[in-house]
Number of protein chains: 2
Amino acid sequence: MRRSTLEEVAALAGVSKMTASRALRGSSDVAEETRRRVQQAAERLSYVGNRLALSLSSQRTNLVAVVVPSMSNTVFPEVLSGITTGLAGTGMQAVFGISDYDEVKEREIIRDMLSWQPSAIIVTGLDQPHDTVRMLKSAGIPVIQVMDLDGTPIDFNVGLSHGDAGRDMAVALLAAGRKKIAYVGSALDKDLRAGKRKAAFQRVLAAQSLSFVSEQLDDGFSSIALGKRLTAHMLAAKPEIDCIYYSNDDMAAGGLFACMEAGIIVPSQIVLAGFNGLDLTDSLPAPIATSKSPRRAMGEAAARLITDAMKDGEKSSGEAGPKTIVFKPPITGLKQGWT
Amino acid sequence: MRRSTLEEVAALAGVSKMTASRALRGSSDVAEETRRRVQQAAERLSYVGNRLALSLSSQRTNLVAVVVPSMSNTVFPEVLSGITTGLAGTGMQAVFGISDYDEVKEREIIRDMLSWQPSAIIVTGLDQPHDTVRMLKSAGIPVIQVMDLDGTPIDFNVGLSHGDAGRDMAVALLAAGRKKIAYVGSALDKDLRAGKRKAAFQRVLAAQSLSFVSEQLDDGFSSIALGKRLTAHMLAAKPEIDCIYYSNDDMAAGGLFACMEAGIIVPSQIVLAGFNGLDLTDSLPAPIATSKSPRRAMGEAAARLITDAMKDGEKSSGEAGPKTIVFKPPITGLKQGWT
DNA sequence: ATGAAAGCGCTAACAT
DNA sequence: ATGTTAGCGCTTTCAT
């Protein structure tokens with residue numbers, strides 16, 4: 001069953017294509033009677049409308065391209081969810097792409113997305129290679145970089161400083177009296193933001209003439225299972241550790257389960273700290289410290305930035321709102337007095 | 001900076017639009033020298049290509065529309081991930097939409113997706129209302145319904161029987177000697193598949209003249225925190241319960257944490273059972289029973305069905321592979337001898 | 001191996 | 001309030 005076209009609807013309603021178009025889009029100056037006939041015709045034909053033609057003709061797609069590194073880590077779907085929510089009712093629609101933490105794939109996906117002529121594009125992080133940045137710049141649309149602030153944005157920027165997050169957590173753990181701190185992480189070559197947190201954390205330690213008493217790193221992607229395994233290893237080798245900083249909450253939750261199996265009491269014997277503030281962390285049988293990143297809010301903020309930019313574009317007005325939106329993730333799960 | 005067009009690339013290379021088009025798409029009959037000149041021109045202009053025009057002209061988008069109910073439950077991003085993986089390298093590209101478990105929203109999103117003229121569409125479940133089904137049918141493209149098998153498919157179907165899953169779990173729990181079984185669930189009016197599992201579970205109980213000794217239901221979406229809260233309530237009221245079936249693993253994991261806080265030993269005192277087989281379930285400090293649904297594999301199977309259908313479409317050949325792909329989720333986390 | 005003409009389905013801009 | 005003309009940027013088809 002071939003899809004019916006506007007022309008067919010118009011013919012059935014006995015009007016011109018143009019009138020049919022106006023009627024269906026709810027233009028004001030169409031006779032009520034005409035509108036009804038057109039709508040009935042469209043209904044009868046199950047008319048759907050061809051947005052390729054619409055967008056090509058009108059020169060705007062109302063598409064927002066979004067590129068994230070992964071769908072496996074809950075964090076990114078949550079951001080996407082926020083973006084979708086923020087875009088709801090604006091006529092804009094998000095389209096998602098996954099880069100698999102791969103710069104080359106990311107470039108190809110961005111190119112691909114740009115070929116659909118989106119009205120704006122949201123990408124993860126600030127660490128795109130030069131040629132990707134060049135491509136983004138020459139697209140001539142608002143570019144929003146989300147989730148990270150540590151770097152030089154192309155255009156708009158929404159996120160949090162992972163350097164600050166790592167630093168703050170180190171300060172908080174030291175303030176809680178922890179001295180023998182270890183690190184457990186994974187895929188740091190791919191997850192650059194986790195690397196920034198770790199580096200900042202280490203800088204704080206170094207300032208106190210301290211360093212990680214042990215490190216467990218793995219190439220695989222972060223997961224509860226991996227965090228559990230690496231932690232079990234580490235605890236077996238270095239039982240004197242009194243604190244572990246993890247690349248994120250998944251790993252830290254796994255660490256908690258490893259401690260429980262080893263009969264090590266959290267947090268009195270050992271404090272565990274992650275990053276993200278996954279919902280999970282509020283329900284665990286023992287507290288783990290974490291930085292609560294507002295994923296959904298970041299997504300919504302990015303969406304808002306775009307809708308605002310579109311409005312400003314229309315009015316061709318001068319100033320276009322703030323270019324950077326800063327979030328500060330609070331630390332939870334860490335109480336004083338655990339010395 | 002306005003986006004450059006094929007015409008501009010062609011002009012810069014000193015050839016016609018058509019030759020430039022062929023050169024960029026790697027058509028065989030273009031002089032090597034010409035091809036080089038065109039590619040250089042494209043490079044110089046950061047030419048990206050307009051897929052709206054391409055698709056409008058060529059009458060195919062190579063887009064696969066995918067509609068899922070949510071991004072908050074990890075399960076769906078995993079399916080999307082599988083679809084993306086399965087589509088990689090085929091020239092097809094997935095586009096995602098979220099229905100928020102709302103039939104009306106779902107219809108509008110499907111309509112919207114169809115307006116982009118996708119080459120195929122994947123939707124979640126078999127329970128779309130009539131008018132949505134009608135719309136899908138009249139789209140004239142392959143329709144793949146995923147994640148559920150209990151119902152009448154429109155076209156292709158990939159998934160598992162939630163009825164069977166609920167039944168099998170009931171049988172297994174009874175075989176493990178559990179008698180006082182309770183149910184904890186949420187959003188059953190929206191998550192129809194969880195409802196199917198529960199109903200089938202109850203049928204098994206009824207056949208043994210049993211029924212749930214207690215039920216805790218909630219309107220909110222499933223989460224670890226909610227599972228924990230509802231379980232704590234239930235255990236306080238009915239300490240004699242020796243088994244709880246949950247609407248899914250998130251809820252069950254929360255249930256486990258509630259038991260741990262209450263000092264109730266899992267699984268000896270109480271067996272907890274969920275659904276999905278989240279990665280989490282392999283690492284928890286006590287086992288919870290679950291049906292491992294192969295989310296990623298289901299996504300990949302759906303993708304494969306589509307790529308096969310496209311090939312068959314080309315050859316215009318008769319038979320088009322199996323229309324239904326059945327997955328059987330194994331039960332894990334449940335050992336005999338817990339009587 | 002290259003080019004010219006026509007058209008994909010729609011809307012913008014200008015009539016009337 | 002309705003219609004006409006032109007064209008969005010590309011590919012298809014047919015020439016050469």
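Labels below follow one simple rule: chain letters A, B, ... track the order of the sequence lines, proteins then strands, and each chain is numbered from 1.
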Could you check whether [X] gets within reach of a base, just the sugar-phosphate, or nothing at all, counting any heavy atom under 4.0 Å?
{"X": "A:Arg22", "answer": "base"}
{"X": "A:Asn50", "answer": "sugar-phosphate"}
{"X": "A:Leu56", "answer": "base"}

Checking A:Val67 against A:Met113 for the side chain to side chain contact (heavy atoms under 4.5 Å, CB included) test, could you report, in this order, the C-alpha distance in whole Å, the side-chain angles of both residues, the deciding distance, and whether it holds?
CA-CA 9 Å; A:Val67 180; A:Met113 300 243 131; 4.3 Å; yes

Provide, to the nearest angstrom, the distance between the [atom1] atom belonging to [X] and the [atom2] atom belonging to [N].
{"X": "A:Arg3", "N": "C:dC10", "atom1": "CZ", "atom2": "C1'", "result": "15 Å"}
{"X": "A:Asn62", "N": "C:dT11", "atom1": "CG", "atom2": "P", "result": "13 Å"}
{"X": "B:Gln117", "N": "C:dC10", "atom1": "CD", "atom2": "C1'", "result": "11 Å"}
{"X": "A:Leu52", "N": "C:dT11", "atom1": "CG", "atom2": "C1'", "result": "14 Å"}
{"X": "B:Leu6", "N": "C:dG3", "atom1": "CG", "atom2": "C1'", "result": "13 Å"}
{"X": "B:Gln59", "N": "D:dG9", "atom1": "CD", "atom2": "P", "result": "19 Å"}
{"X": "A:Lys17", "N": "D:dG3", "atom1": "NZ", "atom2": "P", "result": "13 Å"}
{"X": "B:Leu54", "N": "D:dT12", "atom1": "CG", "atom2": "C1'", "result": "12 Å"}

Could you tell me the separation between the CD atom of A:Gln145 and the CG atom of A:Leu126, rounded to the nearest 0.5 Å?
4.5 Å

For residues B:Thr61 and B:Ser55, report the shortest heavy-atom separation together with the two atoms involved.
CA-OG, 3.6 Å

Quick check for you: among C:dG9, C:dG3, C:dT11, whose closest atom lies nearest to any side-chain atom of B:Ser16?
C:dG3

Taking only the side-chain heavy atoms of A:Met18 (C-beta and beyond), determine which of C:dC8, D:dG3, D:dC8 contains the nearest atom.
D:dG3

So does [X] get a side-chain nitrogen or oxygen closer than 4.0 Å to the phosphate oxygens (OP1/OP2) of [N]?
{"X": "B:Arg60", "N": "D:dT12", "answer": "yes"}
{"X": "B:Arg25", "N": "D:dT12", "answer": "yes"}
{"X": "B:Ser57", "N": "D:dC10", "answer": "no"}
{"X": "A:Thr19", "N": "D:dG3", "answer": "yes"}
{"X": "A:Ser21", "N": "C:dT11", "answer": "yes"}

Can a salt bridge be assigned to the pair B:Arg134 and B:Asp131 using a cut-off of 4.0 Å between side-chain N and carboxylate O?
no

Are side-chain heavy atoms of B:Trp116 and A:Gln93 found at a separation under 4.5 Å?
yes

Got a sec: does the CD of A:Glu108 have more than 12 other heavy atoms crowding it under 6.0 Å?
yes

Are there more than 12 heavy atoms of other residues, nucleotides or ligands under 6.0 Å from atom CZ of A:Arg304?
no

By nearest heavy atom, map B:Asp29 and A:Gly49 onto DNA chain C; which one lands nearer the 5' end?
B:Asp29

Return the 5'-most residue of the pair B:Val15, A:Glu7 with respect to DNA chain C, ranking by each residue's nearest nucleotide.
B:Val15

What parts of residues 30-48 of chain A reach DNA chain D, counting only heavy atoms under 4.0 Å away?
A:Val30, A:Ala31, A:Thr34

side-chain contact (heavy atoms from CB on, under 4.5 Å) partner of B:Ile144, the single match among B:Ile83, B:Ile122, B:Val64:
B:Ile122

